[in-house]
Number of protein chains: 2
Amino acid sequence: MNGERVTVGRPRASSRGTIEDAAAELFLEQSYDGTTIDEITQRAGVSRATFFNYFSSKSDLLWMDADHAIERLEECLASGAPLFDSVALVAAEVGPERVPLAVTQSDVMGTRDELVASGLARVARVAALVHAAIAAETGQGRGGLALTVRANSVAGAIVAAWGAWIRGGVARRPLSDYISDALALVQL
Amino acid sequence: MNGERVTVGRPRASSRGTIEDAAAELFLEQSYDGTTIDEITQRAGVSRATFFNYFSSKSDLLWMDADHAIERLEECLASGAPLFDSVALVAAEVGPERVPLAVTQSDVMGTRDELVASGLARVARVAALVHAAIAAETGQGRGGLALTVRANSVAGAIVAAWGAWIRGGVARRPLSDYISDALALVQL
DNA sequence: ATCAATTTCTGGACTGAGTCTAACAATCCA
DNA sequence: TGGATTGTTAGACTCAGTCCAGAAATTGAT
C-alpha cells in the first residue's frame, strides 16, 4: 500500500518481521493470552514502543494475512473490477500458507472474546466493501433493506468459504474453489 | 433466566438499575470513550467492584437490550420452536424503546473499534444460534459449506433488518415488519 | 565537514479496563 | 445467638494502549 519511501530519514530496522516471528513462537509456547507485548518485544530485541510503531494492537498480529487480502480486495474494487471477479482474483492470490495464526492455533491459544471481536472486525470490513460494491453495480441507493440483505448474504458466503477452507486442514483445496462454491449458492 | 432466588443471603441493592441510569446520563454528557467506569460508579453511589458484579465489561452497558433479545431467541429455539417462528416471536416482543444506547447515541459517543467489536460479538451469537437451528431443522451435519452459507445468509438478513429498524428513527414501523421483509428475501 | 531535515527507535510516565482477594455487611434459618 | 449464604467494598495488581521528549541513523544541501 505505502511501500514507496524515497529513502530519507533513518531506515527501518528489520523490526517488523522480527516481532512477527517472536510473537508466533511465543503464542505457541505459551498461549496468546499468556503472552504479553513486553515479552514479545523483549524476545524480538526491540523496545515496546516500537511494537506500536508497526501494529496498532496485539490482536493485529493474528490477522496480518487476512488484512492483506482485504486490502487487495479493496484495491481491486477501487480499480473498477466487478465484485465477484475481484473476490475470485484475490482468492486466487491467497496461498495455502496464508491461514492466519488466529485460526491454525486456536486450540493452543486460549481464544477469548477479544480474539473473536478482532476477527469479526475483519468480517465487518468485508461486508462494508461488498455493500458498497453491490450498491455501485446495481446503481441502487445504499439505504435499502434489500440491498443490505443481499450484501450481508454475499459477505456471509465469503466468510463461510474462507472458514471452510481453513478448516479443510492440510488437505484443503485452493481457496478459490471454496469461494466459487459459496458464491454460487447466493448467486440468485 | 435466573430470577428465582429463595431470599437467602444479603439482598441485592438497586445497584444494577442505578448503574445503568448513571451510565446513560454520562454517555450523553460526555461520550462513551470519555466516561470511565470510576465515574459511572461514583455517580451511581456504588463501588467500582460492584460494577463488575453486574456487568462483565463496559461495553455490555450498550447492548443490554440486544442481549436480552438474543437470550429470548435462544430460549425459544431451545424449546423446539422453528427458527423463523422464533425470530418472529422475539421480534414482536421488542418494543420501540429497545433501540440500544450504542446506536441511538452513536453520534455523541465516539464510536470506536471497541464498540464495533462488541456489537459484532452479538452478531456472532445470532449467527451461531441460526446455524445450530438450521442444522437441527434440516438434519444436516454442521460441517457443510452450504449449511454455513445459508446460516450466514439468514443471520445477515436478521441483522440487516434490525439495522434498518434502528435507522428508521422515530417513524419506524415495528421490528417484526423489517424482519419478515428481510427473511422473505432469503427464503429461497 | 557541518548542518538541517526527516524518520525510526527508545525509555518512561501515564490512563483505564479488567482480575483477584480478603474482609465486611445484611439477610435467613436453626 | 450463631452459622450459612450472598452482596458489597477497598485496594492492590496486570496489562493494553497512548503520549512525549529525546537519541540515533540516514540523505541532501551548504
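Each chain gets a letter, A, B and so on, in the order its sequence line appears, and its residues count up from 1.
Taking A182(A) as the reference, A157(A), A161(A), L145(B), V149(B) meet the side chain to side chain contact (heavy atoms under 4.5 Å, CB included) condition, with sequence neighbours excluded. For D60(A), the salt bridge (charged side-chain N to carboxylate O under 4.0 Å, His left out) criterion is met by R122(A), not counting sequence neighbours. Checked against ring pair (Phe, Tyr, Trp, His ring centres under 6.0 Å), F52(A) has no partners two or more places apart in sequence or in another chain. Applying the salt bridge (charged side-chain N to carboxylate O under 4.0 Å, His left out) rule to R43(A) yields the partners E25(A), E29(A); only residues at least two apart in sequence or on another chain are considered. When the salt bridge (charged side-chain N to carboxylate O under 4.0 Å, His left out) test is applied to D38(A), no partner is found at least two apart in sequence or on another chain. For R16(A), the salt bridge (charged side-chain N to carboxylate O under 4.0 Å, His left out) partners two or more places apart in sequence, or in a different chain, are E20(A). Partners of T18(A) according to the side chain to side chain donor-acceptor pair (under 3.5 Å) rule, which considers only residues two or more places apart in sequence or in another chain, are S14(A).
Here dG17(D) is the nucleotide among dT8(D), dG17(D), dA17(C) with the atom lying nearest to any side-chain atom of I37(A).
Nucleic acid contact for T35(A): sugar-phosphate only, since backbone atoms but no base atoms lie under 4.0 Å from a heavy atom of the residue.
Figure legend: cation-pi geometry between K58(A) and Y32(A), with NZ or CZ positioned under 6.0 Å from the six-membered ring centre and within 45° of its axis.
Separating the CD1 atom of I19(B) from the P atom of dA17(C) is a distance of 14 Å, rounded to the nearest angstrom. Between F51(B) atom CZ and dG16(C) atom P the separation is 15 Å, expressed in whole Å. For the pair I40(A) CD1 and dA16(D) P, the computed distance is 8 Å after rounding to whole Å. When the P atom of dT26(D) is taken as reference, atom CZ of R12(A) falls 15 Å away, rounded to whole Å. In this structure, the CD atom of E39(B) is 13 Å from the P atom of dT15(C), given to the nearest Å. Residue F52(B) contributes atom CZ, which lies 7 Å from atom P of dT19(C) at whole-angstrom precision. Computed from coordinates, the Q42(A) CD to dA16(D) P distance equals 12 Å when rounded to whole Å. Following rounding to the nearest Å, R16(A) (CZ) and dC9(C) (P) show an atom-to-atom distance of 12 Å.
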inquiry  = Checking Y54(A) against R12(A) for the side chain to side chain donor-acceptor pair (under 3.5 Å) test, could you report, in this order, the C-alpha distance in whole Å, the side-chain angles of both residues, the deciding distance, and whether it holds?
reply    = CA-CA 11 Å; Y54(A) 286 98; R12(A) 305 184 98 109; 3.2 Å; yes
Atom pairs, N/O to N/O, protein against nucleotides 9-11 of chain D, distance under 3.5 Å?
unit_1	atom_1	unit_2	atom_2	d
dT9(D)	OP2	S47(B)	N	3.0
dT9(D)	OP2	T50(B)	OG1	2.5

Between the protein and nucleotides 1-6 of chain C, are there any N/O to N/O pairs under 3.5 Å, and if so, what are the atom names and distances?
none

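Taking side-chain N and O atoms only, Y54(A) has a distance below 4.0 Å to OP1 or OP2 of dC9(C).
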